[in-house]
Protein chains: 2
Amino acid sequence: MTSRKVVSFENIKVACKNCSLATLCLPMGLTPDDVERLDCIIKRGRPYHRGDHLYRGGDKFHSLRVITSGSVKTYSPNEDGGEQVLGFHLPGELIGLDAIQDDCHTCSAIALETTAVCEIPFSQLESLSAIMPSLQHQMYRLLSREIGQDTEMLTLLGKKSAEERLATFLLSFSERFKQRGFSASDFFLSMSRHEIGNYLGLAVETVSRLFTRFQDENLLRVERKHVQLLDIPRLYDIVQGSDSAKSSQSRG
Amino acid sequence: MTSRKVVSFENIKVACKNCSLATLCLPMGLTPDDVERLDCIIKRGRPYHRGDHLYRGGDKFHSLRVITSGSVKTYSPNEDGGEQVLGFHLPGELIGLDAIQDDCHTCSAIALETTAVCEIPFSQLESLSAIMPSLQHQMYRLLSREIGQDTEMLTLLGKKSAEERLATFLLSFSERFKQRGFSASDFFLSMSRHEIGNYLGLAVETVSRLFTRFQDENLLRVERKHVQLLDIPRLYDIVQGSDSAKSSQSRG
DNA sequence: CGAGTAGTTGACGATTGTCAAGATGGGTGG
DNA sequence: CCACCCATCTTGACAATCGTCAACTACTCG
């Protein structure tokens, strides 16, 4: 009963126009009027707890989802029982785009911590986008952006060393936290080492060793999930892949 | 002058409704009436020759493109001069979707052989899709499919061995050639070993050795670009990653 | 407080990349 | 038509990165 109260409270109070994520999220670039219309179709349910699935591979597709707080892991189960982690998603990020294709989720999404989401029923979004050119354009852009991000990831997995992969990973979180008004150099990672390794195509042990090594080299301080980046420029050097990282160290 | 004749001939003669690729391409699932309307905005230019760029990273984005004959490689130049091959595209496949995001191509596309394409001006496609729900839906589906394909590729690069990667690569072409009415077991690859290796995240030498090994194991016959798949089921076993490939061999 | 999971560290080995040399083939010009 | 050249491909030897196995530690949660 308490929870029912909370839900209805949220339904009244929370709206895109008041949401701090509006500049990162679907409403990005829409006029206030258009945002209002979009808002009408959005559903806000109760939060998920750590380990809850938002959806599973094979589920019928109804809604896209935007994380509003917390974080989510998407992954696709692969034939031999294992899984491939496809992404970690922070507030403002849209998930479920892969399911449009044949009206069925191809991957699963699970909350890494207590997580709230907005659900956007896709059929309604589609109808709305047909009469709102700005929304249609925004949808095309978001889908295209997703493709662009995936191709960056392909380069990461195809060409980069373990070191470059982890540095890229950390800087990605750094930038995304910064965008969201949090510290770019001091944050908590909500996923396990195992999940990081899986995502980056590395063994857990490699990830662990790299964290230790980065710490030894004063690039960062790490204690479990708490990460403090101490030398962001040098991490960027590492991402570039050239041997410039070492020379940059001696610079300082 | 000969080419001008050919072009005008094509402009009159070639149309989606007559095109054998219609079931693979944008018109897939549209009514004949809708196909007609789509056809009006499509431009068909003269063919590209091997090595010609369809577009380059940084070019302003105007049009999506569908390959109608030949084949195309897409790649993104990465900082240190190298490149990441993002895909090889056959007739009926749509490229340029990554450029919608900020009206600018993020990767380059180059013809691997003599190649013809349909150009679809995106702004017109967007307008048309706003008044043609079926086309809008088709666009969402195609964008979503692209995302799905990219995530499969992420699994390939993140989790699979060299052997599994090459087998997956070969079967992908086998299936796609089959879909297009060609032989699933006897075909020419239009790209070099180097490009295959780059795409699969492997060194050229590894690709070469694997071709030799697959041939030694009677999985295929290969001579330069000409590939004949001799044991497709066993190639599928290899893709699965389990050790079943070996046992499957002793079965036969 | 105890048990189980997650993380760390070390030793070792396998897969794959790198370097180098040689083979093959297609295309061009004499 | 032949010879030559250059790019592509193949093959071998070796090295390095990273994965696997195993033991141990440190949290977390009931």
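Quick note on labels: first sequence line is chain A, next is B, and so on, each numbered from 1. This is a predicted model, so every value here is computed, not measured. Side-chain atoms are counted along with the backbone in the values below, which use heavy atoms only and exclude waters and symmetry mates.
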How would you list, by chain and number, every residue that makes a side chain to side chain donor-acceptor pair (under 3.5 Å) with B:Thr106, sequence neighbours excluded?
B:Asp98
Students often get this wrong, so: under 4.0 angstrom with heavy atoms, is B:Ser208 touching a base, only sugar-phosphate, or nothing?
base
Reckon A:Lys225 touches a base, only the sugar-phosphate, or nothing at all at heavy-atom distances under 4.0 Å?
sugar-phosphate
To the nearest Å, give me how far apart CZ (B:Arg50) and P (D:dA7) are.
13 Å
Test log, rule ring pair (Phe, Tyr, Trp, His ring centres under 6.0 Å), inputs B:Tyr199 and B:Phe88
CA-CA 9 Å; B:Tyr199 177 60; B:Phe88 301 107; 5.1 Å; yes
Bounds of contact between DNA chain C and chain A, in 5' to 3' order, using a heavy-atom cut-off under 4.0 Å
C:dG7 to C:dA11
Rounded to the nearest 0.5 Å, the CG atom of B:Leu229 sits from the CZ atom of B:Arg234 at a distance of 12.0 Å
Hey, could you give me each pair passing salt bridge (charged side-chain N to carboxylate O under 4.0 Å, His left out) that has a residue in residues 179-207 of chain B? Not counting sequence neighbours.
B:Lys73-B:Glu195, B:Glu93-B:Arg180
For B:Arg209, what residues pass the salt bridge (Lys or Arg N to Asp or Glu O under 4.0 Å) criterion, not counting sequence neighbours?
none
Can you give one letter per nucleotide of nucleotides 17-30 of chain D, going 5' to 3': B for a protein heavy atom under 4.0 Å from the base, S for sugar-phosphate only, - for none?
-SSBB-----S---
Not counting sequence neighbours, list each pair that qualifies as a ring-ring contact (aromatic ring centres under 6.0 Å, His included) and has a residue in residues 214-233 of chain A.
A:Phe188-A:His226
Measuring from A:Arg65:CZ to A:Ile67:CD1, what's the distance to the nearest 0.5 Å?
9.0 Å
Which atoms form the tightest heavy-atom contact between B:Tyr75 and B:Cys107, and what is the distance?
O-CB, 3.1 Å
